[in-house]
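Next up is a structure, given as structure tokens.
Chain naming here is simple, since letters A, B, ... match the order of the sequence lines and numbering starts at 1 in each.
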Amino acid sequence: MSQYQWDWLVIFENVTDTDEFYYQWLISGLGWTLLIALSAWVIALILGTIIGTARTLPNKFVAGIATAYVELFRNIPLIVQLFMWFFVLPEMVPTNIGNWMKQDMPHPGIITSIIGLGLFTAARVAEQIRTGILALPRGQKNAGLALGLTLAQTYRHVLLPMAFRVVIPPLTSEFMSIFKNSAVAYSITATELFFQMKQITGDYKPANQIEVVTIVGLIYILVAFSANRIMTFIERRVQVPGYISGGK
Amino acid sequence: MISIKNVSKWYGNFQVLTDCTTEVKKGDVVVVCGPSGSGKSTLIKCVNALEPFQKGDIVVDGTSIADPSTNLPKIRSRVGMVFQHFELFPHLTITRNLALAQEKVLGRSKDEAMTKGLALLERVGLKDHAHKFPGQLSGGQQQRVAIARALAMDPIVMLFDEPTSALDPEMVNEVLDVMVELAQEGMTMMCVTHEMGFARKVAHRVIFMDKGHIVEDCAKEEFFGDLNSRSERARHFLSKILQH
Ligand SMILES: Nc1ncnc2c1ncn2[C@@H]1O[C@H](COP(=O)(O)OP(=O)(O)OP(=O)(O)O)[C@@H](O)[C@H]1O
Ligand SMILES: [Mg+2]
């Protein structure tokens, strides 16, 4: 058996040749991870709802564009999408905009990650929302329209509130995924949690790398678990009295 | 009030409605019956433009449904509709179910809509349930709420699509009672139903449909009075549903 000396306190040591501590790097990384994931989630929810809704509209043209979006964004690996936004897009736009993106845009890695992860997750959210709308009894839309509500009002007040409730369980897993997927942002220089872990275990080797990796893993578990709890809380809060989900 | 003129409708190659023509005058109660799949629901949904049709026209209170410039939400807000499966909004309380369209479509204030809603709940005997959710009511109670919800819009005509056929037998009468009362107050009604007792009691006219055609369209007395002069198909249909 190995004689490995476990030392969990390694993260409280000084980063070699600096007055910073490893745990500070991890906390800063966690902060960026949360910021990237939560901001991307806002984009994903809003855009995903719009696109998922659009796919159920009677207008074939609008529905077709929405379908194209979903197919495009969920069939390209996330890491490839981030590379395209980060390295390819600046070369394809007019030079002055491209230069701004490369040189002057604040936190380019973070911002690109938020947008890239948001657009990617939006396609997945859209599919959930679409499924949720289609799972509702067909008569609900007619009931809204028959009262004189416009199609938009029917979606806003009748269909979407129920569709959201129906899809909270699958949305929960998307919400958990977005934190885990945010680790890919390290590949475009976003200094989030996984980036910091690579940094610590790679360039600034403390003696005990295994502890650092384990701790980071535990932090991800904690974050995903919290995300799950938050969604469960929301699910309970918006539960409809007397409604049997999946009924009819 | 409602004038249906030579309406034909297809689903792809399948013709659901063939050259349907009839009229519902103000204060009329018209019962529509016919075998399953004969196009009754489709016809009634054409009246408030929930289903488009390819030929003919329907004029509701002077407004053409087929005219592309017609404001459909506006005309629908004046035509009440009650569905087989109630279609209350499950996430809203009974009072919110009644108030939603009053506020969003008619622009009534919250108070106004609430007062109107409660008065109608009282009328259908459900005031005590105002703060419940639809899932907490029985089928018969939900259908009475659905009728109240339609009435809250002050409709000029009410459409019913088999309002009692999803109900347990013991709940059918509580809904029919509300409908009879409405009919007796002079509400214009077009009802798809196989409740011939209801038809006998309050209908002015009975329409019989088969395979997308309006086969019979006559006064109630004539329809029930002289079965021998009814068409073969209507007699066959009636013999089946009148046995019980
Ligand atoms: N969306 C649709 N697409 C294709 N065919 C349809 C559609 N809706 C209804 N139909 C067909 O149109 C015909 C008439 O349907 P409709 O619902 O109007 O009949 P109905 O007289 O109301 O029957 P029921 O007593 O069963 O309610 C049926 O043959 C049905 O299968
Ligand atoms: Mg029907």
Side-chain angles (χ1 to χ4, degrees), chain A residues 49 52-53 56-63 128-129 131-169 171 231 233-248, chain B residues 41 44-45 47-52 71-94 96-107 129 131-139 141-142 146 149-155 158-161 166:
Chain A
T49 301
T53 300
T56 67
L57 292 179
N59 185 320
K60 293 274 179 293
F61 180 70
V62 175
Q128 312 293 3
I129 297 289
T131 314
I133 293 172
L134 296 182
L136 302 178
R138 220 180 116 68
Q140 288 281 295
K141 179 175 153 196
N142 277 346
L145 294 177
L147 284 164
L149 298 174
T150 61
L151 188 60
Q153 286 173 323
T154 301
Y155 269 93
R156 162 72 186 80
H157 298 289
V158 177
L159 301 179
L160 286 174
M162 278 314 292
F164 270 116
R165 286 170 168 88
V166 172
V167 301
I168 286 181
L171 277 188
M231 291 298 276
F233 174 75
I234 294 174
E235 187 175 5
R236 293 231 182 83
R237 280 297 298 271
V238 300
Q239 209 165 41
V240 174
Y243 183 77
I244 310 114
S245 58
K248 263 200 285 182
Chain B
S41 299
I44 206 169
K45 283 187 208 148
V47 171
N48 60 353
L50 289 180
E51 288 287 350
N71 179 343
L72 292 179
K74 184 154 185 221
I75 194 80
R76 288 185 188 124
S77 72
R78 309 182 61 206
V79 177
M81 184 155 195
V82 176
F83 300 85
Q84 183 171 2
H85 294 289
F86 332 134
E87 306 300 351
L88 296 179
F89 308 136
H91 60 296
L92 300 178
T93 60
I94 302 305
R96 289 307 301 158
N97 262 276
L98 268 71
L100 179 67
Q102 292 190 63
E103 293 168 17
K104 304 294 168 198
V105 179
L106 303 180
H129 300 274
H131 296 292
K132 290 190 181 167
F133 285 83
Q136 298 170 311
L137 302 186
S138 73
Q141 292 172 328
Q142 289 191 50
R149 180 176 71 178
L151 292 175
M153 305 296 287
D154 294 319
M158 288 280 286
L159 308 176
F160 293 83
D161 189 1

* Go through Ala101(B), Pro73(B), Pro134(B), Pro155(B) and name the one with the most non-hydrogen pairs under 4.5 angstrom from chain A. =>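 The residue among Ala101(B), Pro73(B), Pro134(B), Pro155(B) with the greatest pair count is Pro73(B).
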
* Measure the shortest side-chain to side-chain distance between Pro90(B) and Gln140(A) over non-hydrogen atoms and say whether it is less than 4.5 angstrom. =>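 When only atoms from C-beta onward are counted, Gln140(A) and Pro90(B) do touch, with a gap below 4.5 Å.
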
* Asked: Are the side chains of Leu147(A) and Phe89(B) in touch, meaning some heavy atoms are under 4.5 Å apart?
  ->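 Sidechains of Phe89(B) and Leu147(A): in contact.
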
* Tell me the residues of residues 161-169 of chain A whose non-hydrogen atoms fall below 4.5 Å from those of chain B, in number order. =>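 Within residues 161-169 of chain A, near chain B: Pro161(A), Met162(A), Arg165(A).
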
* chain A heavy atoms under 4.5 Å from Leu72(B): which part of the residue, side chain, backbone, both or neither? ->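 Neither; nothing under 4.5 Å.
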
* Heavy-atom contact with chain A under 4.5 Å, split by part of Lys74(B) ->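 Lys74(B) has no heavy atom closer than 4.5 Å to chain A.
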
* Side-chain contact test, heavy atoms from C-beta onward, threshold under 4.5 Å: evaluate it for Thr56(A) versus Leu159(A) and give yes or no. =>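 No, their side chains stay 4.5 Å or more apart.
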
* Asked: Side chain, backbone, both or neither: which part of Arg149(B) has a heavy atom under 4.5 Å from chain A?
  ->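 For Arg149(B), heavy atoms of backbone and side chain both lie under 4.5 Å from chain A.
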
* Is there a side-chain contact between Val158(A) and Leu136(A), using heavy atoms and a 4.5 Å cut-off? ->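 Side-chain contact under 4.5 Å: no.
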
* Asked: Heavy atoms, side chains only, cut-off 4.5 Å: are Leu149(A) and Arg76(B) in contact?
  ->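 They are not in contact (no side-chain heavy atoms under 4.5 Å apart), so the answer is no.
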
* Asked: Below 4.5 Å, heavy atoms only, C-beta onward: do Gln142(B) and His129(B) meet side chain to side chain?
  ->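 Side-chain contact under 4.5 Å: no.
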
* Listed by chain and number, what are the side chain to side chain contact (heavy atoms under 4.5 Å, CB included) partners of Ala146(A), not counting sequence neighbours? ->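 Ala146(A) satisfies side chain to side chain contact (heavy atoms under 4.5 Å, CB included) with Asn48(B), Leu50(B), Met81(B), Phe83(B) once adjacent residues are dropped.
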
* To do: Identify which part of Lys45(B) has an atom lying under 4.5 Å from any heavy atom of chain A, answering side chain, backbone, both or neither.
  =>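 When you check distances to chain A, only side chain atoms of Lys45(B) fall under 4.5 Å.
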
* Are side-chain heavy atoms of Thr93(B) and His131(B) found at a separation under 4.5 Å? ->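 Of all side-chain heavy-atom pairs linking His131(B) with Thr93(B), none is under 4.5 Å.
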
